2 protein chains.
Amino acid sequence: MVQYLQSHFDASFGALSDPTRRGVLEQLGRADASISVLAETFHMTLTGMKKHVGVLEQAGLVTTEKVGRVRTCRLGRRGLQEEAAWIERYRQLWSERFDELDNVVDELNRKERVHGRKKR
Amino acid sequence: MVQYLQSHFDASFGALSDPTRRGVLEQLGRADASISVLAETFHMTLTGMKKHVGVLEQAGLVTTEKVGRVRTCRLGRRGLQEEAAWIERYRQLWSERFDELDNVVDELNRKERVHGRKKR
DNA sequence: TGTATACTGAACTATATGGTTCAGTATCTC
DNA sequence: GAGATACTGAACCATATAGTTCAGTATACA
C-alpha cells in the first residue's frame, strides 16, 4: 500500500514536472482535445505529444478514447486530491518549523532589548 | 517571468517526484539533520544523499549550512505555497469539468425517466 | 601527532526522458 | 478506389537521473 502510494506520487509529481504536461492539463481543463490539436498547440510532433499524453495517462490525470481516427484526451477522474493533501501536510510541518524558528528569533530579540544591546 | 515560474515548478515538482526526497522533506519537517544521518536513514551512500539534498536545495525547498565537518540540512524558506496554488487552480478546472459532465449525465437520466425507459 | 569522522568531487554505470524521423495502419471523404 | 488525415510504433539521439566507487580534504579528538 505504501509502495503503491509512493509510485503513485512518483508518477503524478513526475508528470507535473514538465511544462508541456502542465500546459496540457490546463488546456484540457478548458476543453477536451485530440492528440493533433495538442501537438499543434505545443509546437511538437504527434509522436512527441502522444508520449506526453501517455505519461499523464499513466499518472491517472488524463484519459483518452479513440473514435474513428481521432483520439480524444480529457481530464481523468483522478484529480490531484492526494497530491494536494501531501503538500498541505508538508506545509503544516513547514509552518510549525518556522513558527518555532520565529519564536527563537523573537526570544533572542527580546533578550537583546532587555540587556540593552544595539539592534543590527 | 513566466519562463522563471516554469522552471521553478519544473524544479519543485521534479524534486517531489522522488520518494527519497519526499522522505527527506518529511524528516526535515520533524528535525534538522546532517547529510550522514539522512544517508543512513535512507540506506544510501553519503554521496548519493548529497545529490538528493542538492536537488532539494536547487528547488529552494531545503537550505544547508556547514559548521565544522558537519553540513546541517533544514527546510528552506520557500514552502510549496505556489505549488499548492497551482494544484488548487487545476482542481478548480477539474471539478468544473466534472460538474459539467455530471450535469450532462443527470440530464440524460432525467430524460430516461421522463420517457419511461429502463435504467441499466 | 595520529586516527577517525564527515563531507566533497570526479568518474563511471544503467536507465529514464524528451524529443526526433520514418514507415507503417486505419479511417474519412470525394 | 485514391488521396488526405490521424494516429501508432520502432529506432535513434542527446541529455538527465539515481545511484555507485574511489580518492581526496578538512575537522575533531585522544
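Per chain, numbering begins at 1; letters A, B, ... match sequence-line order. Predicted model, so just to flag it, every value in this text is computed and none were measured.
- OP1 or OP2 of dC7(D) has not a single side-chain nitrogen or oxygen of Lys50(A) nearer than 4.0 Å.
- Checking side-chain atoms of Arg22(A) against main-chain N and O of Leu16(A) turns up a donor-acceptor pair under 3.5 Å.
- In this structure, the side-chain contact (heavy atoms from CB on, under 4.5 Å) partners of Ala39(A), at least two apart in sequence or on a different chain, are Leu46(A), Met49(A).
- You'll find the side chain of Val37(A) reaches within 4.5 Å of the side chain of Gln27(A), heavy atoms only.
- The phosphate of dA18(D) has OP1 or OP2 within less than 4.0 Å of a side-chain N or O from Arg21(B).
- The separation between Lys51(A) atom NZ and dT17(C) atom P is 10 Å, rounded to whole Å.
- Glu26(B) places none of its side-chain heavy atoms less than 4.5 Å from the side chain of Tyr90(A).
- Contacts of residues 55-73 of chain B with DNA chain D (heavy atom under 4.0 Å): Gly68(B), Arg69(B).
- In this pair, Trp86(B) and Phe13(B) present their aromatic rings perpendicular. The plane angle is above 60°, beyond the 30 to 60° band.
- For the pair His52(B) NE2 and dT20(D) C1', the interatomic distance rounds to 12 Å; values are reported in whole Å.
- Straight-line distance from the CG atom of Asp10(B) to the P atom of dA16(D): 13 Å, rounded to whole Å.
- Rounded to a whole Å, the CG atom of Asp18(A) is 9 Å from the C1' atom of dT17(C).
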Evaluate side chain to side chain contact (heavy atoms under 4.5 Å, CB included) for Leu28(A) paired with Arg74(A), printing each intermediate quantity in order.
CA-CA 6 Å; Leu28(A) 295 181; Arg74(A) 56 179 58 92; 5.8 Å; no
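- Residues meeting the salt bridge (charged side-chain N to carboxylate O under 4.0 Å, His left out) test with Glu88(B), sequence neighbours left out: Arg91(B).
- The phosphate of dT20(C) (OP1 or OP2) has a side-chain N or O of Thr45(A) nearer than 4.0 angstrom.
- Shown here for Cys73(B) and Ile35(B), the closest heavy-atom pair between the two residues is SG-CD1, 3.9 Å.
- Relative to the axis of its first five pairs, the axis of the last five pairs of the helix from dT1(C)-dA30(D) to dC30(C)-dG1(D) sits at 20°, rounded to 10 degrees.
- Take Val70(A) and apply the side-chain contact (heavy atoms from CB on, under 4.5 Å) test, not counting sequence neighbours, and it matches Ser34(A), Thr72(A).
- Taking every heavy atom of residues 34-44 of chain B and every atom of DNA chain C, pairs under 4.0 Å involve Ser34(B), Ile35(B), Ser36(B), by number.
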